[in-house]
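Structure first, then comments.
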Amino acid sequence: MTTMIKNKQTASSPDEGELGRYIGELIDHRKMIMVITGCFLIIGAIYSFLASPIYQANALIQVEQKQGNAILDSLNQMLPDSQPISAPEISLIQSRMVVGQTVDDLNLQIDVEKKYFPVVGKGLERLFGEGAGTVSVSKLSIPTTTDVNPGKIQLKVVNDKSYEVVFLDTTAMGEVGQLFQKEGVTLLVDEMHAKPGETFVITEFSRLAAMDRLLESLVVADQGKDTGMLELKLSGEDKAQITKILDNISYHYLAQNIDRQAAQDAKSLQFLNQQLPKVRSDLDQAENKLNAYRQQKDSVDLSLEAKAVLDQVVNVDNQLNELTFREAEVSQLYTKEHPTYKALLEKRGTLQQERAKLNKQVSSMPSTQQEVLRLSRDVESGRAVYMQLLNRQQELSIAKSSAIGNVRIVDNAVASPKPVRPQKGILIISSGIIGFILSVALVLLRIFFHRGIDSADQLEQAGFNVYASVPKSDWMVKRIRLKPHRLLDKKNSPTHFLAAENPADLAIEAVRNLRTSLHFNMLDLNNNILMISGATPDAGKTFISSNLAAIMSLTGKKLLLIDADMRRGTAHKVFKVSNDVGLSNILTTKISPATAITKVSMDEYNFDFLPRGKSPANPAELLMGSELSTLLKWAKENYDLVIIDTPPVLAVTDAVIIGRHVGTLLLVARYQTNTVREIEVSINRFAQCDIHVKACVLNMMENSFRSYYTYGYGHNSYAYSDKK
């Protein structure tokens, strides 16, 4: 009686069922996935050929370990080996001090670009080999230029020597090589190589905006940790231009490094020039005191022990003096908390302790030798300090005049011979992958939001009987596709009587199964009226009603089919009969039913048909009258079976009114269109009026992979052949 689909299901976990559903949906929508993926591939291919090629130039700079000036050289012995710090150098290259000079040197505040047809003009011109003209502008000033909004003018080539300038609503003529001034616009065109009629857009950026534009395409990166090798990369459409820009940036970075080194040496030299006269004066005074004391004591000489102590004292004093100079230089660079400064202070403390020991040893000598020792120490220390400062003054003078910095350009800028982007192969493959992912995502979203009925098993699990699952007729679908223009007109949409036109179709075989189920379930009923309704419009109730009536007539029963959808009924189109007189006429004018009934005779099918008639203004009120009861009573007495095609129950109340007079009620649900919830609401609406729905019919079932993967079955293609 009922196809118990759920008994055929194999035991599987919910996760396996969901996975199978997803796989089936993807296979069912393979055409959509292929179309979307193909569209993305085409778009990616078009873009890869039309997009402007971008080239990249690169340069290599080495930042060596910083060698301080002559005074700071020996400090490296106190600290662990240090490596170049790349982060400050990278920031320095990207600073306005360096980039700003490049903008000024190469006049990057002015941008000249040919005006093309939007989107595709530039690419098409490049593909067809038409070289773009060039205009060289050395001076430009536009009154509307700001840091936020650049100023723009249009230049139209008239001939080799003259051009036309369009600014706001002003148009004026200019000559190549002559300064153009009008309406606040100042323009100097040096050269112009373009065809007459070509138009160029000339843009003036502020200096800050020009630097920002340059920094957007400039990349500075360390080639490896602690290597001191910096790689500069610049991207652009013009290979010659980006090479020139990158070389200019490298030059200015090198120049500022040399200037900085020379300035540091000059500062140290200035400090020494200030100290030398004072040290020389102190040395002269110490020598005079020593000579005077010797003359007074009649040339006193030092013992060997005293000379040894003197040498040690002088050595310690020299080291302390050297630390004094170092501290003076370091104090200009670091605070006392810096490790370098702390190392100096620790060494000073050690030397001071050593000098204190030597002074204690000197105090044990005779007073005369102590005085000679003290004066000799002052002379020797002063002489050593003076010679040391004099030597370092000469070293700094040489270093200042021959400063080379700690940076050198290893590789000058060279542009890549092939564009770095777009990479056509990768772009096309990526577009295809994106299209595939997007199409799959759309299918999965559809699954997520779709709650339509996918099988009769869903209805049976909800507690509803299913008498038949009617598949979609491939034959009918093909016939409809042959007349696509008629699909635009709902009133003249194509209708087919499938039972007569293709009786061997699988859908008609399913209707025969429905006839068998109804035959055995209606044997014990006293009421021979069968009503067929649907939850929503386009469920296919008219298709089921008309073809079921034809199949039922083959059993020899006297049958009447009534089109009770007086609003939008289309059964008369299926049988190609007149709709001038019908049910509405019987209910309004109370004419005899026999005068409104039409005989349908197609091939071996013979049954009576009552069309809907002209659409009345109040169909529900007409159905509630006594005329309907009289009509159905007459039909029960004169026919073996009466089939009523009614409007959808969720749309209007007509089906509920008619349902009070019928013995059997079938509810048609459309595959993937109606939901289980809609069927539940429809049955509850009938139940509120004490009308029992006998069973459901699942219409328009598709032979999809989703059904195979989810429920383990599909429609058979077996059918009887028709010689016609």
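In what follows, residues are counted from 1 in the order of the sequence shown.
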* Asked: Can you list the steps and then say if Y253 with E89 is a side-chain hydrogen bond (donor to acceptor under 3.5 Å, both in side chains)?
  -> CA-CA 9 Å; Y253 171 64; E89 301 301 326; 2.4 Å; yes
* What is the minimum heavy-atom distance between I453 and Y671, and which atoms define it? -> O-CD1, 3.5 Å
* Can you tell me how far CG of N674 sits from CG of D538, rounded to the nearest 0.5 angstrom? -> 9.5 Å
* Asked: For F205, does its backbone N or O pair with a side-chain atom of Q109 as donor and acceptor, under 3.5 Å?
  -> yes
* Structure fact -> Here the gap from L230 atom CG to L92 atom CG, rounded to the nearest 0.5 Å, amounts to 10.5 Å
* Asked: Taking atom CG of L140 and atom CD1 of I153, what is their separation to the nearest 0.5 Å?
  -> 5.5 Å
* **Nearest-0.5 Å distance, NZ of residue K239 to NZ of residue K418** => 11.5 Å
* Considering only heavy atoms from C-beta outward, does the side chain of L106 approach that of N248 to under 4.5 Å? -> yes
* State, without any angle test, whether Q101 and Y251 hold a side-chain donor-acceptor pair at a distance under 3.5 Å. => no
* To do: For a side chain to side chain contact (heavy atoms under 4.5 Å, CB included) with E204, tell me which candidate from T145, L187, D111, V185 qualifies.
  => T145
* Asked: Donor-acceptor pair, Q62 side chain versus V410 backbone, under 3.5 Å?
  -> no
* Between E191 and T134, is any pair of side-chain heavy atoms under 4.5 Å apart? -> no
* Determine yes or no for a side-chain-to-main-chain donor-acceptor pair under 3.5 angstrom, with S416 supplying the side chain and P419 the backbone. => no
* To do: Kindly determine whether L442 and I36 satisfy side-chain contact (heavy atoms from CB on, under 4.5 Å), including the steps that lead there.
  => CA-CA 10 Å; L442 290 176; I36 295 178; 3.8 Å; yes
* Report the C-alpha distance between E337 and K342 in whole Å, list the side-chain angles of each, state the deciding distance to 0.1 Å, and finish with yes or no for side-chain contact (heavy atoms from CB on, under 4.5 Å). => CA-CA 7 Å; E337 300 299 325; K342 286 184 177 181; 3.8 Å; yes
* Asked: Are any of the side-chain heavy atoms of Y116 and K114 separated by less than 4.5 Å?
  -> yes
* To do: Mark yes when over 12 heavy atoms from residues, nucleotides or ligands other than Y47 sit less than 6.0 Å from its OH; otherwise mark no.
  => no
* Given side-chain contact (heavy atoms from CB on, under 4.5 Å), test I434 with I437 step by step and report yes or no. => CA-CA 5 Å; I434 293 173; I437 294 175; 5.8 Å; no
* Go through the structure and list residues passing side-chain hydrogen bond (donor to acceptor under 3.5 Å, both in side chains) with S138, not counting sequence neighbours. => D190
* Asked: Is a side-chain N or O of Q94 found less than 3.5 angstrom from the main chain of S91, in a donor-acceptor match?
  -> no
* Between the main-chain N or O of K195 and the side-chain N or O of E198, is there a donor-acceptor pair closer than 3.5 Å? -> yes
* Distance from I93 atom CD1 to Q256 atom CD, nearest 0.5 Å? -> 9.0 Å
* Structure fact -> OG (S217) and CD (Q56) are apart, to the nearest 0.5 Å, by 10.0 Å
* Structure fact -> Between N107 and K139, the two heavy atoms sitting closest are ND2-N, 4.4 Å
* **Side-chain touch I245/L108, heavy atoms, less than 4.5 angstrom** => yes
* Asked: Going through the checks in order, is the side-chain contact (heavy atoms from CB on, under 4.5 Å) test met by V165 and F180?
  -> CA-CA 9 Å; V165 176; F180 173 88; 4.0 Å; yes
* To do: For F167 and P143, work out which heavy atoms get closest and say how close.
  => CZ-CG, 4.0 Å
* Asked: Between the side chains of T199 and Q154, is a donor N or O closer than 3.5 angstrom to an acceptor N or O?
  -> no
* Please examine the side chains of M32 and V35, heavy atoms only from C-beta on, and report whether any two atoms are closer than 4.5 Å. => no
* **Side-chain donor/acceptor of T37 to backbone N/O of M34, under 3.5 Å** => no
* **Minimum heavy-atom distance S48-K424, with the two atoms named** => O-CE, 3.6 Å
* **Side-chain (R421) to main-chain (P53) donor-acceptor, under 3.5 angstrom** => no
* Asked: Going by atom types alone, do S250 and N412 pair a side-chain donor with an acceptor below 3.5 Å?
  -> no
* **Validation row: I249, L232 side chains within 4.5 angstrom (heavy atoms)** => yes
* Among V158, V137, V135, which one satisfies side chain to side chain contact (heavy atoms under 4.5 Å, CB included) with M192? -> V135
* Asked: Going by distance alone, is a donor N or O of one side chain under 3.5 Å from an acceptor N or O of the other, for D105 and T102?
  -> no
* Please report the C-alpha distance between E113 and K152 in whole Å, then the side-chain angles of each, then the deciding distance to 0.1 Å, and finally whether the salt bridge (Lys or Arg N to Asp or Glu O under 4.0 Å) criterion is met. => CA-CA 11 Å; E113 186 175 357; K152 294 184 179 181; over 6 Å; no
* Nearest non-hydrogen partners of L427 and G44, listed with the distance -> CD2-O, 3.8 Å
* Verify, without hydrogens or angle tests, whether T673 (side chain) and R670 (backbone) share a donor-acceptor contact under 3.5 angstrom. => no
* To do: List the atom of A51, the atom of P422, and the distance in Å for their closest heavy-atom pair.
  => CB-CG, 3.9 Å
* Any side-chain heavy atom of L60 sitting closer than 4.5 Å to one from M229? -> yes
* Asked: Do D160 and H193 have side-chain atoms, one donor and one acceptor, less than 3.5 Å apart?
  -> no
* Asked: Do V112 and T203 have side chains that get closer than 4.5 Å, going by heavy atoms?
  -> no
* Should we say atom CZ of R207 is surrounded by more than 12 heavy atoms from elsewhere, each under 6.0 Å from it? -> yes
* Please say which of L246, N58, V220, V420 ends up in a side chain to side chain contact (heavy atoms under 4.5 Å, CB included) with K233. => N58
